[in-house]
Amino acid sequence: MILVDDVGGILPAINHSPWNGLTLADYVMPFFLFIVGVSLGLTYKRVSCRVNATRKAILRALKLLILGIFLQGGFFHGLNNLTYGMDIQQMRLMGILQRIAIAYLVAALCEIWLKGNDHVTSQLALLRKYQFQWLAASVLTVIYISLLYGLYVPTWQYQIPDATSSSAPKTFSVKCGVRGDTGPACNVVGMIDRKILGIQHLYRKPVFERTKQCSINSPDYGPLPSDAPAWCQAPFEPEGLLSSVMAMVTCLVGLHYGHIIVHFKDHADRIRLWLIPSSAFLVLGLALDIFGMHINKALYTFSYMCVTASAAGFLFAGIYLLVDIHGYRGMTLVLEWMGKHALVIYILAACNIIPIVIQGFYWKQPQNNILSLIGIGR
């Protein structure tokens, strides 16, 4: 994610896809969620008191949620702006850490409360022991797909300030009146966020601003084309409420891979039991994309969940093969350190805390700071 933030504008193949499709950046969030699920399978393999475990899981999720709102709600105004503070009426409510907190809590509660007492000796016994967790994942998926394709999206409006004058904000009307649309303008994911969170609390620089309809420099940000549609400048939450439902499913998939570590000790069994669902998810995700359920990170479509969970499973199995079986650990020491301190690194680097602190030291004028000298934040 740090690489995406710093180099994504130079190499579009690294940056997030403007809408449908997959790039390197689009794998980061599902990989986070996947490994959270794997970790939960190890953390809760023995639970002495379900009530205490639940209380601790809720507290962890709340801490992560509050931290996410503080870091991504708009308190820090970013590079080239040494001011801070947020208008509560305008702050962003959802974000990356908030999504991880929600998915973590759902997966943790499932692992604490929804598992049987069966002794696992086979793959069938594994499925039987955690059948209610798979049922929960299925219910979440059905709810998501039903809402995404079943709810009616009416015509809606939004306002943006007029940068050229102090007059009233410009009002844009986005014509919809449809069901099952998965484009940037009329999808149910955006509608639910506008209705529940409020449009003033959504992300104001969405990825669809880099589509051909909205940018003459597509797939990068750029000036609007002369015939740009009305929705191009509308806020949209990439970590919204409905899309987070499928994020929960990714976490539950990772939980299954953690269960395999807990209940199977043979290397070959573990690799085999990881590769089977990974292959199935890949085939299913690609087939869904071909038949019209497009791979889309902003909407976190079911096909996107399948393909990215598959990639996470293959990568996880590959690293296990190299490190745990063949012993190539030296080359992964840096990655291991980053994995142990992922949250701190994310906060300091990806959330621009370190650059903002460094930028606070300048010569005579705020523009004359260390970052500007090395070409960052211009």
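Values below: every heavy atom of this structure, side chains too, minus hydrogens, waters and symmetry copies. Worth saying up front: this structure is predicted, and the values here are computed from it rather than measured.
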>> Applying ring pair (Phe, Tyr, Trp, His ring centres under 6.0 Å) to His294 and Trp19, what does each step give before you reach the verdict?
In response: CA-CA 10 Å; His294 298 299; Trp19 197 245; over 10 Å; no

> Sub-3.5 Å donor-acceptor pair from the side chain of Tyr104 to the main-chain atoms of Leu64, do we have one?
Replying inline: no

>> Is there a continuous path of hydrophobic side-chain contacts, each under 4.5 Å between heavy atoms, that joins Ile276 to Trp274?
In response: no

> Can Ile261 and Leu42 be said to form a side-chain contact (heavy atoms from CB on, under 4.5 Å), step by step?
Replying inline: CA-CA 8 Å; Ile261 297 177; Leu42 305 178; 3.8 Å; yes

> So do Trp337 and Ile345 actually touch side chain to side chain, heavy atoms under 4.5 Å?
Replying inline: yes

> Can you tell me if Thr250 uses its side chain to pair, donor with acceptor, with the backbone of Pro30 under 3.5 Å?
Replying inline: no

>> Using the salt bridge (Lys or Arg N to Asp or Glu O under 4.0 Å) criterion, which residues pair with Arg128? Sequence neighbours excluded.
In response: none

> Distance from Trp113 atom CH2 to Thr54 atom OG1, nearest 0.5 Å?
Replying inline: 5.0 Å

> Just how far is it from atom CE of Met246 to atom CZ of Arg99, taken to the nearest 0.5 Å?
Replying inline: 10.5 Å

>> Before you tell me yes or no, could you show the steps for Arg204 and Gln90 under side chain to side chain donor-acceptor pair (under 3.5 Å), namely the whole-Å CA-CA distance, both residues' side-chain angles and the distance that decides it to 0.1 Å?
In response: CA-CA 10 Å; Arg204 291 177 175 81; Gln90 302 291 326; 2.7 Å; yes

>> Determine whether a donor-acceptor pair (N or O, by modelled atom type, separation under 3.5 Å) exists between the side chain of Arg329 and the backbone of Val323.
In response: no

>> Quick check: do Glu239 and Tyr203 have side-chain heavy atoms less than 4.5 Å from each other?
In response: no

>> Determine whether Leu275 and Phe314 satisfy the following criterion, side-chain contact (heavy atoms from CB on, under 4.5 Å), listing intermediate values before the conclusion.
In response: CA-CA 7 Å; Leu275 293 182; Phe314 283 127; 3.6 Å; yes

> Parallel, tilted or perpendicular for Phe31 and Tyr27, by the 30°/60° rule?
Replying inline: tilted

>> Strictly by salt bridge (charged side-chain N to carboxylate O under 4.0 Å, His left out), give each pair with a member in residues 101-116 just once, sequence neighbours left out.
In response: Glu111-Lys115

>> So does Leu252 get a backbone contact from the side chain of Gln133, meaning a donor-acceptor N/O pair under 3.5 Å?
In response: no

> Which heavy-atom pair separates Cys232 from Gln213 by the least distance, and what is that distance?
Replying inline: SG-O, 3.8 Å

>> Could you tell me if the side chain of Phe132 sits less than 4.5 Å from the side chain of Cys110, heavy atoms only?
In response: no

>> Tell me whether Ile319 shares a hydrophobic cluster with Leu282, the cluster being built from Ile, Leu, Val, Met, Phe, Trp, Tyr side chains joined at under 4.5 Å.
In response: yes

>> Ignoring hydrogens, what is the shortest heavy-atom contact between Pro154 and Cys176? Give both atom names and the distance.
In response: O-CB, 3.5 Å

>> Taking the side chain as everything from C-beta on, heavy atoms only, tell me whether Glu237 gets closer than 4.5 Å to Arg92.
In response: yes

> Hey, what's the ring geometry for His259 with Tyr130, parallel, tilted or perpendicular (30° and 60° as the breaks)?
Replying inline: parallel

>> I'd like to know if Val262 and Ile271 are part of one continuous hydrophobic network [Ile/Leu/Val/Met/Phe/Trp/Tyr, side-chain heavy atoms within less than 4.5 Å].
In response: yes

>> Check the orientation of Trp156 and Tyr158. Use parallel for under 30°, tilted for 30 to 60°, and perpendicular for over 60°.
In response: tilted

> Which heavy-atom pair separates Cys214 from Pro225 by the least distance, and what is that distance?
Replying inline: C-CD, 3.4 Å

> So do Leu59 and Arg55 actually touch side chain to side chain, heavy atoms under 4.5 Å?
Replying inline: yes

>> Less than 4.5 Å apart, side chain to side chain, heavy atoms only: is that true for Leu299 and Tyr304?
In response: no

> Looking only at heavy atoms, what is the nearest atom pair of Ala25 and His16, with distance?
Replying inline: O-CE1, 3.4 Å

>> As a quick check of understanding, evaluate side-chain contact (heavy atoms from CB on, under 4.5 Å) for Gln157 and Val174, giving each step before the final call.
In response: CA-CA 6 Å; Gln157 294 181 338; Val174 182; over 6 Å; no

>> Here's a test for you: under side-chain hydrogen bond (donor to acceptor under 3.5 Å, both in side chains), which of Asp289, Asn20, Thr301 qualifies with Asn296?
In response: Asn20

> If you count the non-hydrogen atoms of other residues, nucleotides and ligands that lie under 6.0 Å from OH in Tyr328, is the total more than 12?
Replying inline: no

>> Tell me the closest heavy-atom pair linking Met94 and Leu197, and the distance in Å.
In response: CG-CD1, 3.7 Å

>> Can you confirm whether more than 12 heavy atoms, excluding those of Lys265, are under 6.0 Å from its NZ atom?
In response: yes

> When clusters are formed by joining ILVMFWY residues with side-chain heavy atoms under 4.5 Å apart, either directly or through shared neighbours, do Leu71 and Leu65 land in the same one?
Replying inline: no

>> Please determine whether residues Val142 and Leu151 belong to a single hydrophobic cluster, defined as Ile, Leu, Val, Met, Phe, Trp and Tyr linked transitively by side-chain heavy-atom distances below 4.5 Å.
In response: no

> Stepwise, does the side-chain contact (heavy atoms from CB on, under 4.5 Å) test hold for Phe302 with Val249?
Replying inline: CA-CA 9 Å; Phe302 181 51; Val249 178; 5.6 Å; no

> With a 4.5 Å limit on heavy-atom distance, are the side chains of Val153 and Asp181 in contact?
Replying inline: no

>> With rounding to the nearest 0.5 angstrom, report the CD1 to OH distance, Ile35 to Tyr257.
In response: 11.5 Å

> Quick one: does Ser310's side chain have a donor or acceptor within less than 3.5 Å of a partner on Ser278's backbone?
Replying inline: yes

> Can you tell me how far OG of Ser39 sits from CG of Leu255, rounded to the nearest 0.5 angstrom?
Replying inline: 10.0 Å

> How many angstroms lie between atom OG of Ser138 and atom CD1 of Ile143, to the nearest 0.5 angstrom?
Replying inline: 11.0 Å

> Do you know which two heavy atoms are closest between Leu33 and Ala103, and how far apart they sit?
Replying inline: CD2-CB, 3.7 Å

> Side-chain contact, heavy-atom cut-off 4.5 Å: Arg272 with Gln123?
Replying inline: yes

> When you measure from the side chain of Arg194 to the backbone N and O of Ile199, does any donor-acceptor pair fall under 3.5 Å?
Replying inline: no

> How many angstroms lie between atom OG of Ser244 and atom OH of Tyr144, to the nearest 0.5 angstrom?
Replying inline: 10.5 Å

>> I'd like to know if the side chain of Ser215 and the backbone of Lys212 have a donor-acceptor N/O pair within less than 3.5 Å.
In response: no

Hey, can you pull the donor-acceptor pairs under 3.5 Å for the side chains in residues 184-191, sequence neighbours left out?
{"from": "Asn187", "atom 1": "OD1", "to": "Val189", "atom 2": "N", "distance (Å)": "3.3"}
{"from": "Asn187", "atom 1": "OD1", "to": "Gly190", "atom 2": "N", "distance (Å)": "2.7"}
{"from": "Asn187", "atom 1": "ND2", "to": "Gly183", "atom 2": "O", "distance (Å)": "2.8"}
{"from": "Asn187", "atom 1": "ND2", "to": "Pro184", "atom 2": "O", "distance (Å)": "3.2"}

>> Taking atom CD1 as the centre, does Ile88 end up with more than 12 heavy-atom neighbours from other residues, nucleotides or ligands that are less than 6.0 angstrom away?
In response: no

